[in-house]
2 protein chains.
Amino acid sequence: MATSKSLPQPDREEIRVEAVLQALGEPVRLQIVRALAAAPEGIACGELELPVTASTRAHHLRTLREAGVTSTQTEGTKRISKLRREDLESLYPGLLNGVLAAPR
Amino acid sequence: MATSKSLPQPDREEIRVEAVLQALGEPVRLQIVRALAAAPEGIACGELELPVTASTRAHHLRTLREAGVTSTQTEGTKRISKLRREDLESLYPGLLNGVLAAPR
DNA sequence: GTGATTGTTCGATCGTCATCGTACTACGAT
DNA sequence: ATCGTAGTACGATGACGATCGAACAATCAC
């Protein structure tokens with residue numbers, strides 16, 4: 001049986017804009033967010049191509065999740081992360097689109 | 001005669017989204033940005049009510065200016081800072097409004 | 001079971017940054 | 001010129017965070 005569990009994350013009303021902006025302001029994390037934005041079905045940690053080691057990758061994914069930017073579900077040994085687009089759009093309408101509109 | 005000079009700042013195309021997000025992610029700076037958003041005519045450094053000393057205030061204003069978030073003009077001994085709304089809206093449409101929509 | 005895969009957690013290191021006080025500059029008023 | 005005001009620049013400190021390697025945990029395949 002494929003057990004699937006959600007990792008802890010802040011509720012929508014607990015999300016703080018400073019934490020979101022700080023999370024998005026780190027280059028590696030912004031790169032992750034761009035990849036997640038291009039993959040609505042979510043991405044497993046290991047599938048992200050990043051210039052850092054696996055432990056640093058885990059650290060950034062945790063930061064994004066705890067800031068309320070992403071949600072993570074375990075699928076077997078994989079952990080699928082997705083953007084919390086609805087929550088972010090509801091809290092800060094236009095913010096995410098504006099960030100994603102930035103030239104790379 | 002009232003001499004008026006603009007302090008150096010990045011051109012629109014030099015603005016990096018990481019720097020903008022990082023600048024906005026600091027609580028004191030976000031407070032400054034909120035105050036500037038409420039005062040389209042600009043605010044002098046000393047008129048900002050912040051829980052930090054003058055030197056820290058100057059540091060944050062410099063960070064915002066160098067990130068491309070604000071512009072600063074000298075008016076006598078005062079330095080008037082304004083939000084670069086047009087540039088930010090052009091680069092990251094919706095971002096600033098989204099941030100300002102956040103509950104305090 | 002063993003082993004391989006996937007990912008996290010822990011501890012350490014190193015750099016960056018927010019903060020402060022002090023000294024300094026620039027301008028205006030007297 | 002002297003004084004007061006507005007703000008910056010510098011140097012130091014302390015805290016936070018990005019990074020890594022190594023050890024650990026959980027699941028799947030065999």
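Each chain gets a letter, A, B and so on, in the order its sequence line appears, and its residues count up from 1.
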From [atom1] of [X] over to [atom2] of [N], roughly how many Å is that when rounded to an integer?
X: Q73(B); N: dA26(C); atom1: CD; atom2: C1'; result: 17 Å
X: H59(A); N: dT6(C); atom1: NE2; atom2: P; result: 23 Å
X: E26(B); N: dT16(C); atom1: CD; atom2: P; result: 18 Å
X: I43(A); N: dG7(C); atom1: CD1; atom2: C1'; result: 16 Å
X: L61(A); N: dA18(D); atom1: CG; atom2: C1'; result: 14 Å
X: K78(A); N: dA4(C); atom1: NZ; atom2: C1'; result: 13 Å
X: L50(B); N: dT19(C); atom1: CG; atom2: C1'; result: 13 Å
X: K5(A); N: dA25(D); atom1: NZ; atom2: P; result: 15 Å

For [X], answer base if it contacts any base atom (sugar-phosphate contacts may also be present), sugar-phosphate if it contacts only those atoms, and nothing otherwise; contact means non-hydrogen atoms under 4.0 Å.
X: Q22(B); answer: sugar-phosphate
X: H60(B); answer: sugar-phosphate
X: R62(B); answer: sugar-phosphate

message = Side chain of A44(B), heavy atoms from C-beta onward: which of dT8(D), dG7(D), dT9(C) has the nearest atom to it?
response =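 Given the options dT8(D), dG7(D), dT9(C), the side chain of A44(B) is closest to dG7(D).
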ask   = With nearest nucleotides of DNA chain D determined for T56(A) and R57(B) from heavy-atom distances, which residue corresponds to the more 5′ nucleotide?
value = R57(B)
message = Looking at E75(B) and K78(B), would you say the former's side chain and the latter's main chain have a donor-acceptor pair under 3.5 Å?
response = no
query = Ignoring hydrogens and geometry, is there a side-chain-to-backbone donor-acceptor pair from R57(B) to L50(B) under 3.5 Å?
reply = no
hbond_proxy T77(A) side chain to dG7(C) base (donor-acceptor, 3.5 Å cutoff) = no
ask   = When you check the side-chain N and O atoms of T72(A) and S81(A), is any donor under 3.5 Å from an acceptor?
value =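 Note: T72(A) and S81(A) side chains meet the donor-acceptor criterion.
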task = Answer with yes or no whether the hydrophobic clustering places Y92(B) together with V33(A); edges join I, L, V, M, F, W, Y residues whose side-chain heavy atoms lie under 4.5 Å apart.
result = yes
So, OP1 or OP2 of [N]: does either fall under 4.0 Å of a side-chain N or O from [X]?
X: T53(B); N: dT19(C); result: no
X: R29(B); N: dA18(C); result: yes
X: R79(B); N: dT8(D); result: yes
X: S55(A); N: dC20(D); result: no

task = Test side chain to side chain donor-acceptor pair (under 3.5 Å) on Q9(A) and S71(A) and set out the steps.
result = CA-CA 7 Å; Q9(A) 56 176 0; S71(A) 62; 4.5 Å; no
